[in-house]
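Written out below as structure tokens is the structure these notes cover.
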Amino acid sequence: MSGNHGVDLGSAEKRRTLWIVLWLNVAIAIGFFIVGYFADSNALLANGLDNSSDAIVYALSLLALTRSRTWKRGAARFSGIMLLVFAGGVIADAVRRFVEGSEPGGLMMMAMAAVAAVVNLICLRLLQKMKAKDVNLRAATTFSFNDFISNGGIIIAGIIVMLTGANWPDLLVGIAVAGIALWGGIDILRDAHMDVHDEEGTEHHKGDEFGR
């Protein structure tokens with residue numbers, strides 16, 4: 001933002017960090033999809049979709065590092081909209097599983113979520129260490145924080161599933177992950193909007209977050 005003058009946002013350190021979190025998210029997304037399929041878990045599949053969208057965002061962040069501020073805002077907005085779409089898909093799948101029924105595997109849910117929590121914590125710490133983050137890098141940090149929180153929810157759901165044999169904890173966490181994604185998407189779109197005012201030195205007017 002306005003305090004970033006003279007900072008090389010395309011530095012080798014930032015590129016290296018984003019490449020690391022990109023590939024970590026690709027690996028975790030694949031793990032979520034595989035384990036989620038065999039565990040019949042909406043929550044795991046939801047997180048797989050979430051991490052896939054994250055990987056795309058990190059790729060956009062890499063492209064945005066050396067581009068204009070306007071381009072970066074566009075990439076951030078794309079990220080935010082992607083999260084909103086993702087949230088809708090997860091909720092639809094949860095409704096389908098509620099109607100048709102499912103038998104999630106609690107132990108597999110817990111194991112996968114524990115591994116993902118460690119990986120997402122690493123990603124979050126790497127991103128938090130980056131200085132003078134622009135709007136796109138702030139979006140990337142939001143994604144990793146959301147992922148870490150949702151992993152904890154899956155572990156709790158896995159315990160309840162093991163104790164009760166019910167599928168509602170898995171569906172509840174899946175919807176909660178969608179809710180986190182929904183909030184994160186809105187927050188990213190607001191941040192991109194505020195960045196316009198910061199660049200232009202103008203004041204924000206309530207209700208026009210999505211108008212520019």
Side-chain angles (χ1 to χ4, degrees), residues 1-34 44 46-87 112-154 177 180-196 198-199:
M1 299 178 77
S2 58
N4 293 349
H5 298 301
V7 178
D8 179 13
L9 291 177
S11 67
E13 179 184 0
K14 286 184 172 62
R15 287 195 297 271
R16 182 177 64 85
T17 297
L18 285 172
W19 274 115
I20 291 173
V21 297
L22 167 62
W23 289 114
L24 284 176
N25 273 272
V26 169
I28 286 299
I30 293 173
F32 270 129
F33 284 132
I34 294 174
L44 291 183
N47 276 265
L49 290 172
D50 192 17
N51 281 97
S52 296
S53 66
D54 291 356
I56 295 173
V57 170
Y58 296 135
L60 287 172
S61 298
L62 280 163
L63 291 174
L65 281 176
T66 55
R67 293 179 180 266
S68 69
R69 195 163 177 172
T70 299
W71 200 97
K72 291 173 184 177
R73 282 195 296 267
R77 287 187 177 115
F78 179 81
S79 303
I81 292 171
M82 181 180 297
L83 270 183
L84 299 182
V85 173
F86 150 74
M112 184 64 223
V115 172
V118 173
V119 174
N120 284 315
L121 182 59
I122 293 172
C123 292
L124 182 60
R125 295 302 299 163
L126 286 171
L127 290 166
Q128 286 178 335
K129 289 180 180 179
M130 297 174 71
K131 304 298 182 181
K133 292 192 286 288
D134 58 35
V135 62
N136 218 51
L137 292 176
R138 290 195 297 272
T141 304
T142 296
F143 280 150
S144 285
F145 179 75
N146 290 348
D147 291 344
F148 182 70
I149 296 298
S150 64
N151 294 149
I154 293 176
V177 171
I180 293 173
L182 182 65
W183 176 257
I186 293 173
D187 187 56
I188 289 168
L189 291 174
R190 285 175 176 168
D191 191 30
H193 172 77
M194 293 302 295
D195 192 67
V196 174
D198 183 72
E199 183 180 26

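Hydrogens, waters and symmetry mates are skipped; everything else that's a heavy atom, side chains included, is used.
- Taking the side chain as every heavy atom from C-beta outward, Asn120 and Asn51 approach each other to under 4.5 Å.
- Here the straight-line distance linking atom CZ of Phe33 with atom CG of Asn47 works out to 10.0 Å at 0.5 Å rounding.
- Within 6.0 Å of the CZ atom in Phe78, the count of heavy atoms belonging to other residues, nucleotides or ligands does not exceed 12.
- Here the OG1-CD distance, from Thr17 to Gln128, works out to 12.5 Å after rounding to the nearest 0.5 Å.
- Asn25 places a side-chain heavy atom less than 4.5 Å from the side chain of Asp147.
- The backbone N or O of Ala46 lies less than 3.5 Å from no partner atom in the side chain of Asp50, so there is not a single donor-acceptor pair.
- Counting all heavy atoms, side chain and backbone alike, Ala29 lies closest to Ser52 at CB-OG, 3.5 Å.
- Of all non-hydrogen atoms in Leu124 and Phe145, the two that sit nearest each other are CD1-N, 3.9 Å.
- Using a 4.5 Å heavy-atom threshold, the side chains of Met112 and Asn151 count as separate.
- Taking CG of Leu127 as the reference point, atom CD1 of Ile122 lies at 12.0 Å (rounded to 0.5 Å).
- Nearest heavy-atom pair, Val26 versus Ala55, reported as atom, atom and distance to 0.1 Å: CG2-CB, 3.8 Å.
- Residues Leu83 and Trp183 have side chains not in contact (no heavy-atom distance under 4.5 Å, counting atoms from C-beta outward).
- Closest of all the heavy-atom pairs between Leu22 and Ala59 is CD1-N, 4.2 Å.
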